[in-house]
Amino acid sequence: MANLLADSLSPYLRQHAGNPVHWHEWGDAALAEARERDVPILLSIGYAACHWCHVMAHESFEDDATAAVMNENFVCIKVDREERPDLDAIYMNATVATTGQGGWPMTCFLTPDGAPFYCGTYYPNTPRGGVPSFQQLLHAIAETWDRRRDDVGEAAAAIVAELQRSSGGLPAGTSKVDAALLDAAVTAVARDEDREHGGFGGAPKFPPSNLLEGLLRGYERIRREDVLGLVSRTAEAMARGGIYDQLGGGFARYSVDAGWVIPHFEKMLYDNALLLRAYAHLARITGTPFFRRVAEETAGFLLRDLRTAEGCFASALDADTDGVEGLTYAWAPAQLTEILGPDDGAWAARVFSVTGEGTFESGTSVLQLREDPDDPERFARVRERLFLSRQSRPQPDRDDKVVTAWNGFAVTALAEAGVAFDVPEWIDVAATCARALLDRHLVGDRLRRASLGGVVGEPAGVLEDYGALVTALVAVHQATGDAAWLAPAVRLADTALGAFADPDSPGSWFDTADDATKLVARPRDPLDGATPSGASLIAEALLSLAALDEGDGRYATAAHASLAAASILLERAPRSAGHWLAVAEAAVRGPVQIAVAGGGDLLRAARHIAPGGSIVVGGDPGSSPLLVDRPLVDGIPTAYVCRGFVCDRPVTSVPDLLEVLAGS
């Protein structure tokens, strides 16, 4: 036996290639070895940017004595949750079902056929707080396997039965997806706002990116100032707190406190892409310079720190630097003075809330910006000097894995923000990434989940990959006016309809394809979390395609069936249905379709004022499906606005377009 991770395409798995543990990747060979040796599987799931994954690795997986116990008694399998979200979903559900909580690193013990019988998360190398040491747990599991096999079988059967039950889909909703349901959902979400700190709930606090976009679309429909206020308060609180990188832009994954002060330092592509979309939308609605700056800086972070040589985006920056959490980002007052001098150093300490006591560890602080300083030029100069100094510090590692869905989020956000702010470079970057995804990740008619260094991996794409990429292709089509992006979008949507839709339950979707590797349960989770669910993403994709090309109506039918199936989430758990809310808002409005024959200033205005979720296309008459039979009027650019099957009169001026859209 040997460690088999050296040739993996996952940076996370490669981090463990030097462990004395005989790690396998998930696959038939590993399961067959467990059957042959008649030993259980030790499944460890994590990701490259995870702080506590690193801690457990250093304490246990790099320890020869612990590795010897693991190798003797188990077949050890290491999984990158970002590369295999299907496995992560199943075993996370098992962990939550048996322990009441989940997280990473995830540690599960399985029978050789993959059935979990004992699950947990991080285990220390010494007993702590009532938690056994990892070695104690290993010996207990091995003894139970040898002496109480019947108990193992009963536990595994009970957990698998629960997993299969919970993957059966949502109960039927009783509410029609209409304005009344969406109004009630918005009101319910607003009641849960943390009015003191912004956002929802207590610590730890995650950026509610999906909800922000859904609420913004709701505001555009109902024009309730309290809803816009909620979004603005949350967006401002996050962007002024330590969770936002005040020097380099971009957001950390979450805040460990309720006030957004102390981040968990990893920076994920998906968070920043989704937040770029929301902040750009908020800036477009409000015209607030602060929100525009945050959007611009977040886009700058993506392009500067996450761009790969292939033109797409890496998955994450690590939580740790040289094994120390936050080493790159924390500051003491003396460090500011050393870099800036006494006057600017003291001023910067006040501006960025850096105190002698500190807000983080060892008297250091994570930078905050509780209000904009009254000297913008000095602020810009100080920020630049601090940023350049920080660049000379040790930097966190980067997970260079290119994940299809997350890059789809980035493409959509950059295309929409590029249109909103008139930044052609962002649109070009979005188009380059979209092309790279199609060239490398689309193998035959199926997507692959991820690539590394331009080499695509074996794991198959899941539903979120298809939904996110189709929406991204539609976004690039709208931003560029190039109809060539529609053909691959249609091809991917058709594949998703055939491979992921539940034939026995219209509107319901599985997260893995019908020919994917068979697991103990077929994953299906319609709830939106840190990222939108695969089901809400494919609903958005199908709704957008239906608005671009009616065809035989199958996309519209599938999109509306999906929304109907998810209506129970909007009715009973709207905070867990943020992206569903965004899609439903677009659907209730039509969605709004704006076709501008001739482009020019009229097209630019349409892109700036159209509500979120609208389909806006411009170009020569006949150059794309929405521009067929839509000529110029009197030889000048003309906008055609429709909602569903109802169209307004053609208009040729911006004031007339505003008047028409006011009824949207």
Side-chain angles (χ1 to χ4, degrees), residues 220-221 280-281 284-285 287 411-412 414-428 430-431 434-435 470-490 543-553 555-556 586-587 589-664:
E220 288 177 309
R221 178 177 55 83
H281 191 180
R284 183 166 62 84
I285 290 174
V411 169
T412 298
L414 286 167
E416 292 183 355
V419 164
F421 299 158
D422 295 317
V423 184
E425 177 195 358
W426 296 353
I427 299 171
D428 292 342
R435 174 47 56 195
V470 171
T471 296
L473 298 176
V474 169
V476 174
H477 163 62
Q478 293 181 80
T480 63
D482 186 351
W485 295 103
L486 292 180
V490 166
L543 188 70
S544 298
L545 276 183
L548 281 164
D549 186 2
E550 293 171 7
D552 59 8
Y555 300 144
R589 298 175 80 118
V592 176
Q593 303 158 287
I594 307 173
V596 182
D601 290 341
L602 193 60
L603 174 59
R604 188 174 297 107
R607 287 170 165 169
H608 287 179
I609 63 180
S614 299
I615 298 296
V616 183
V617 173
D620 294 332
S623 61
S624 64
L626 281 189
L627 289 167
V628 172
D629 297 326
R630 284 172 170 169
L632 305 179
V633 172
D634 297 329
I636 60 176
T638 304
Y640 296 82
V641 179
C642 300
R643 302 164 191 81
F645 299 106
V646 180
C647 295
D648 282 286
R649 71 188 191 284
V651 296
T652 56
S653 71
V654 173
D656 285 346
L657 178 60
L658 282 166
E659 181 182 342
V660 168
L661 287 176
S664 299

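Note: hydrogens, waters and symmetry copies are ignored here, and every other heavy atom, side chains too, is used.
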Can I get a per-line list of side-chain donor-acceptor pairs under 3.5 Å for residues 596-606, giving both atom names and the distance, sequence neighbours left out?
unit_1	atom_1	unit_2	atom_2	d
D601	OD1	R604	NH1	2.6

For residues 619-627, which side-chain N or O atoms pair as donor and acceptor with protein atoms under 3.5 Å away, sequence neighbours left out?
unit_1	atom_1	unit_2	atom_2	d
S623	OG	D620	N	3.4
S623	OG	D620	O	2.7

Contacts of type side chain to side chain contact (heavy atoms under 4.5 Å, CB included), residue [X], not counting sequence neighbours:
X	value
T412	R277, E416, T471, A472, A475
A556	A546, H560
V423	F421, E425, W426

*CD1 of I594 to CG of L661: how many Å apart, nearest 0.5 Å?*
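Result: 4.5 Å between the selected atoms.
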*Can you run down the disulfide (SG to SG under 2.5 Å) pairs that involve residues 592-659, sequence neighbours left out, and say none if there aren't any?*
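Passing the test, one end in residues 592-659: C642-C647.
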*Looking at residues at least two apart in the chain, or sitting in another chain, which of them share a side-chain hydrogen bond (donor to acceptor under 3.5 Å, both in side chains) with D422?*
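Scan of D422 (side-chain hydrogen bond (donor to acceptor under 3.5 Å, both in side chains), adjacent residues dropped) gives none.
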_Under the side-chain hydrogen bond (donor to acceptor under 3.5 Å, both in side chains) test, residues paired with H281 that sit two or more places apart_ =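 If we apply the side-chain hydrogen bond (donor to acceptor under 3.5 Å, both in side chains) test to H281, skipping adjacent residues, the hits are E213, E220.
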*Could you tell me which residues satisfy salt bridge (Lys or Arg N to Asp or Glu O under 4.0 Å) with R435, sequence neighbours excluded, listed by chain and number?*
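Checked R435 against salt bridge (Lys or Arg N to Asp or Glu O under 4.0 Å); matches are D439.
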Just distance, no hydrogens or angles: give the donor-acceptor pairs under 3.5 Å from side chains in residues 478-489, sequence neighbours left out.
unit_1	atom_1	unit_2	atom_2	d
Q478	OE1	V616	N	2.7
T480	OG1	V476	O	2.7
T480	OG1	D482	N	3.2
D482	OD1	A484	N	2.9

*Below 4.5 Å, heavy atoms only, C-beta onward: do V660 and R649 meet side chain to side chain?*
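Answer yes - side chains close enough.
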*Got Y640 and V633 here, is their nearest side-chain heavy-atom distance under 4.5 Å?*
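Result yes, sub-4.5 Å side-chain heavy-atom pair found.
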*Would you say the side-chain atoms of T638 pair up with the backbone N or O of P650, donor to acceptor, closer than 3.5 Å?*
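Flag not set: sc T638 to bb P650 has no pair under 3.5 Å.
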